[in-house]
Q: 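Here it is: the structure, laid out below.
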Amino acid sequence: MHPRKAHGCGMTTLKIEHAIVDFETWKQAFERDPIGREASGVRRYRVFRPEDDPRYVLIDLDFDGAAQAHAFLEKLEGVWRRADLSPGLARPAGETATKPRARILEEVDARTYRP
């Protein structure tokens with residue numbers, strides 16, 4: 001098989017990363033989905049954890065375009081400000097949660113290799 005290459009596929013990814021209290025607490029809050037990922041235009045999500053840091057997560061949320069990703073990020077920032085909606089975020093004693101790092105990325109090139 002020959003490798004497939006896609007140019008300007010139009011997919012936009014909201015990439016988020018942040019420290020968490022523990023994965024189980026974070027995952028339960030993530031699964032509650034207070035914003036409604038699917039209804040907000042998320043096509044697919046992927047969750048990653050570094051091998052060397054079980055108290056950290058990285059999330060990729062895929063959208064058809066940047067406008068949907070920006071609108072979702074705005075709603076998500078409201079969730080992060082509320083401890084009752086984001087209990088999994090690491091919050092040092094007496095402090096608010098450290099704001100997760102979020103970037104909106106446009107896929108400009110991709111290649112899939114097959115055996």
Side-chain angles (χ1 to χ4, degrees):
M1 292 288 245
H2 294 287
R4 264 190 0 204
K5 192 170 188 175
H7 291 282
C9 354
M11 185 63 60
T12 299
T13 300
L14 172 55
K15 182 173 280 298
I16 303 161
E17 57 182 273
H18 58 83
I20 58 174
V21 174
D22 64 74
F23 188 75
E24 293 73 29
T25 300
W26 176 85
K27 182 69 168 150
Q28 287 175 4
F30 183 79
E31 289 176 351
R32 279 195 294 272
D33 193 13
I35 299 172
R37 285 184 291 272
E38 186 175 4
S40 296
V42 175
R43 297 290 179 213
R44 176 175 74 152
Y45 72 80
R46 291 172 310 287
V47 176
F48 304 91
R49 290 171 68 189
E51 287 183 349
D52 63 345
D53 190 353
R55 297 181 69 185
Y56 202 83
V57 293
L58 298 95
I59 306 105
D60 286 354
L61 303 167
D62 294 336
F63 297 84
D64 288 334
Q68 290 176 315
H70 282 283
F72 190 82
L73 178 56
E74 188 174 314
K75 292 177 189 175
L76 195 52
E77 287 173 339
V79 169
W80 293 336
R81 285 190 289 273
R82 293 186 47 189
D84 61 319
L85 294 178
S86 57
L89 292 183
R91 288 178 165 80
E95 297 181 30
T96 58
T98 302
K99 183 178 174 185
R101 180 176 179 169
R103 289 182 162 180
I104 295 175
L105 310 171
E106 176 187 351
E107 185 175 82
V108 295
D109 191 20
R111 181 176 292 205
T112 301
Y113 295 96
R114 298 184 185 192

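No experiment lies behind these values; they were computed from the predicted model shown.
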Q: How would you list, by chain and number, every residue that makes a side-chain contact (heavy atoms from CB on, under 4.5 Å) with Pro54, sequence neighbours excluded?
A: Arg49
Q: For Phe23 and Val47, run side-chain contact (heavy atoms from CB on, under 4.5 Å): C-alpha distance rounded to whole Å, both residues' side-chain angles, the deciding distance at 0.1 Å, then the answer.
A: CA-CA 11 Å; Phe23 188 75; Val47 176; 4.2 Å; yes
Q: To the closest 0.5 Å, what do you measure between CG (Leu61) and CZ (Arg43)?
A: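 Output value for this atom pair is 13.0 Å.
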Q: Minimum heavy-atom separation for Thr12 and Ala66, please, with both atom names.
A: OG1-N, 3.4 Å
Q: Distance check, rounded to the nearest 0.5 Å: Arg103 atom CZ versus Leu14 atom CG?
A: 12.0 Å
Q: Check the pair Phe30, Ile59 against side-chain contact (heavy atoms from CB on, under 4.5 Å), reporting the backbone distance first and the verdict last.
A: CA-CA 10 Å; Phe30 183 79; Ile59 306 105; 4.3 Å; yes
Q: Salt bridge (charged side-chain N to carboxylate O under 4.0 Å, His left out) between Lys99 and Glu77: does it pass, once the steps are laid out?
A: CA-CA 8 Å; Lys99 183 178 174 185; Glu77 287 173 339; 3.3 Å; yes
Q: Hey, could you give me the CZ/CZ distance between Arg37 and Phe63, rounded to the nearest 0.5 Å?
A: 10.0 Å
Q: Do Val42 and Trp80 sit in one hydrophobic cluster, given that two such residues count as connected whenever their side-chain heavy atoms are within less than 4.5 Å of each other, even indirectly?
A: yes
Q: If we only count heavy atoms from C-beta on, is the Pro87 to Gln28 side-chain gap below 4.5 Å?
A: no
Q: Verify, without hydrogens or angle tests, whether Thr13 (side chain) and Leu105 (backbone) share a donor-acceptor contact under 3.5 angstrom.
A: no
Q: What are the two closest non-hydrogen atoms of Ala29 and Leu85, and how far apart are they?
A: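 Looking at all heavy atoms of both residues, the shortest contact is CB-O, 4.4 Å.
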Q: For Arg46, which residues count as a side-chain contact (heavy atoms from CB on, under 4.5 Å) partner, sequence neighbours excluded?
A: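 If we apply the side-chain contact (heavy atoms from CB on, under 4.5 Å) test to Arg46, skipping adjacent residues, the hits are Arg44, Phe48, Asp60, Asp62.
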Q: Please verify the inter-ring angle class for His18 with Trp26; under 30° counts as parallel, over 60° as perpendicular, anything in between as tilted.
A: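 It falls in the tilted class, 30° to 60°.
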Q: Would you list the atom pairs, donor with acceptor, under 3.5 Å between side chains in residues 67-74 and any protein atom, with sequence neighbours excluded?
A:
from	atom 1	to	atom 2	distance (Å)
Gln68	OE1	Asp64	N	3.4

Q: For Lys27 and Glu31, what are the C-alpha separation, side-chain angles and deciding distance, and is it a salt bridge (charged side-chain N to carboxylate O under 4.0 Å, His left out)?
A: CA-CA 6 Å; Lys27 182 69 168 150; Glu31 289 176 351; 3.4 Å; yes
Q: Would you check if the side chain of Arg55 reaches a backbone N or O of Asp22 as a donor-acceptor pair within less than 3.5 Å?
A: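 Flag not set: sc Arg55 to bb Asp22 has no pair under 3.5 Å.
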Q: Drop me the distance from Arg81's CZ to Leu76's CG, to the nearest 0.5 angstrom.
A: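 Separation between the atoms: 10.0 Å.
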